[in-house]
Asker: 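Got a structure for you, questions after.
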2 protein chains.
Amino acid sequence: MARTTGSDGEKTEAAIREAALDLIARLGFEAMSMRQLAASVGVQPAALYRYFTTKEALLHALMLEHMERLIASWGEARPARGSDKEKPAGRLAKFVENHIRFHLARRNATHVSNLELRSLSSERLEQILALRSQYEGELRSILTDGQREGVFQIDDVALTAMAIIQMITGVIVWFRPELRLSEDEVAANYHTMTMRLVGAEA
Amino acid sequence: MARTTGSDGEKTEAAIREAALDLIARLGFEAMSMRQLAASVGVQPAALYRYFTTKEALLHALMLEHMERLIASWGEARPARGSDKEKPAGRLAKFVENHIRFHLARRNATHVSNLELRSLSSERLEQILALRSQYEGELRSILTDGQREGVFQIDDVALTAMAIIQMITGVIVWFRPELRLSEDEVAANYHTMTMRLVGAEA
DNA sequence: GTATTAATAAAACGAACGTTCAATTAATTC
DNA sequence: GAATTAATTGAACGTTCGTTTTATTAATAC
């Protein structure tokens with residue numbers, strides 16, 4: 001056999017990406033074999049190599065897409081200039097809310113991006129870390145502005161930014177949609193905790 | 001050749017554990033081979049199996065030791081009954097400080113325990129998770145007490161406990177001892193942030 | 001100093017791994 | 001409807017993996 005009826009490159013690549021996110025999130029990147037992935041997609045192992053030159057290139061593509069979407073998501077959610085919510089407190093609120101919702105909607109991709117960095121070559125790792133640093137820079141600038149304007153009480157901006165990022169990303173470790181709290185409640189809770197954390201007025 | 005001069009089971013096992021923590025933290029559990037580990041210890045691969053029946057049993061032993069030490073560490077650091085620091089605020093302060101210092105002193109073991117859980121069989125996983133839950137229960141009980149006494153302002157104890165754990169464990173992701181801040185400064189910073197987070201008076 | 005036990009080496013097992021290559025068929029273009 | 005391109009299969013490659021078995025030597029006990 002060879003090409004199958006109805007086969008479509010775009011759809012196959014999308015299916016590979018989705019199946020890979022699921023398998024890597026569950027088993028880990030090193031533990032997932034290309035044969036497993038192919039079987040999950042319903043394709044022979046060799047077919048994967050039409051879309052990704054190596055296993056590592058696949059991982060890199062997944063992380064790149066995740067980071068670019070995250071940054072784009074914040075670009076759209078960020079309050080417009082001149083609006084009332086352009087003040088530091090409003091920007092921070094939006095940042096936390098967008099972050100929580102984005103990550104809850106993409107648990108697999110988040111797990112992959114957070115847990116599998118060490119499987120990247122140094123060159124690819126640097127690119128992903130640069131994007132991550134760009135995103136975190138947005139938070140740092142919010143904190144810096146709030147500190148300058150006297151609405152936040154922050155000892156160390158860089159440390160506080162890391163603490164907030166760790167705290168709000170950690171939601172995917174324990175949150176299960178079928179449980180007690182709704183996504184809205186969780187987002188509201190993290191918002192409150194973040195505002196207290198930076199010493200902002202309620 | 002066979003038994004080497006000066007060989008000692010206890011020392012060899014300790015050397016295996018230390019080398020394994022280092023390799024797994026750097027490469028990941030699945031990516032580390034038993035041959036690599038043996039070479040790092042300075043021993044033949046077969047020798048490893050005198051101390052650990054399987055690769056997974058080795059991982060489990062490392063995590064078990066880490067969790068038991070963590071719980072023991074808190075058992076020693078916890079304020080004595082009747083002391084001034086037995087109040088919720090004092091207990092929380094001690095909990096955060098002990099957690100930060102313990103994890104900074106054992107970065108490799110922390111990385112292994114946090115990142116490699118999915119490589120455990122379900123039976124072994126349950127045991128580790130039970131210990132983890134026991135430790136987190138200590139934090140939850142501090143928060144509950146503070147909430148009851150009205151010294152903490154907390155919307156949801158379980159959620160807040162997870163947020164704090166994620167935040168303070170995250171220190172090992174970014175902190176580098178050679179950089180800007182000292183361990184004392186970092187611990188003090190996390191203490192301040194935690195107190196604000198739970199709405200405690202300064 | 002002999003017997004026993006502890007600690008390791010050396011070699012090998014089958015299985016699984018990532019990846020490549022040639023052949024084959026479906027879809028598209030003209 | 002012939003020529004071209006896109007998508008995939010099937011088979012195979014050399015390598016590495018976790019683990020086991022057997023033999024051998026060092027340390028210990030009597």
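So you know, we letter chains A, B, ... as the sequences are listed, proteins then strands, and number each from 1.
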Asker: Could you check whether the rings of B/H103 and B/H66 sit parallel, tilted or perpendicular, using 30° and 60° as the cut-offs?
Answerer: perpendicular
Asker: Measure CD/B/Q44 against C1'/D/dT19 and give the value in whole Å, please.
Answerer: 14 Å
Asker: Looking only at side-chain atoms of B/R50, point me to the closest of C/dC21, C/dT8, D/dG18.
Answerer: C/dT8
Asker: Output the rounded distance in Å from CD (A/E13) to P (D/dA7).
Answerer: 10 Å
Asker: Among C/dA11, D/dA12, C/dA12, find the nucleotide with the atom closest to the side chain of A/R35.
Answerer: D/dA12
Asker: Heavy atoms from C-beta onward define the side chain here; which of D/dG18, C/dT20, D/dT8 lies closest to that of A/A47?
Answerer: D/dT8
Asker: Starting the side chain at C-beta, find the nucleotide from D/dA12, C/dT8, D/dG18 nearest to B/S33.
Answerer: D/dG18
Asker: Tell me: NZ of B/K11 to P of D/dA26, nearest whole Å?
Answerer: 17 Å
Asker: Does atom CD of B/E18 have more than 12 heavy-atom neighbours from other groups under 6.0 Å away?
Answerer: no
Asker: Find the distance B/L37:CG to D/dT16:P and express it as a whole number of Å.
Answerer: 18 Å
Asker: Indicate the ring-plane relationship of A/H99 and A/Y135, choosing parallel, tilted or perpendicular according to the 30° and 60° boundaries.
Answerer: parallel
Asker: Return the value, rounded to whole Å, for the distance between atom CD of A/E30 and atom P of D/dT16.
Answerer: 14 Å
Asker: So that I can tick it off, tell me whether A/R180 and B/D156 are bridged by a salt bridge, with the cut-off set at under 4.0 angstrom between side-chain N and carboxylate O.
Answerer: yes
Asker: For B/Y51 and C/dT8, is the shortest distance between a side-chain N/O and OP1 or OP2 below 4.0 Å?
Answerer: yes
Asker: Does the A/S73 side chain pair with the main chain of A/R69, one donor and one acceptor, at a distance under 3.5 Å?
Answerer: no
Asker: By nearest heavy atom, map B/G42 and A/M34 onto DNA chain C; which one lands nearer the 5' end?
Answerer: B/G42
Asker: Please give, in whole Å, the distance from D/dA7 P to A/Y49 OH?
Answerer: 19 Å
Asker: Take atom CG of B/L48 and atom P of C/dA10, then tell me their distance rounded to the nearest Å.
Answerer: 15 Å
Asker: What integer distance in Å separates A/M32:CE from C/dA16:P?
Answerer: 17 Å
Asker: OP1 or OP2 of D/dA7 versus the side-chain N and O atoms of A/T12: is any pair under 4.0 Å?
Answerer: no
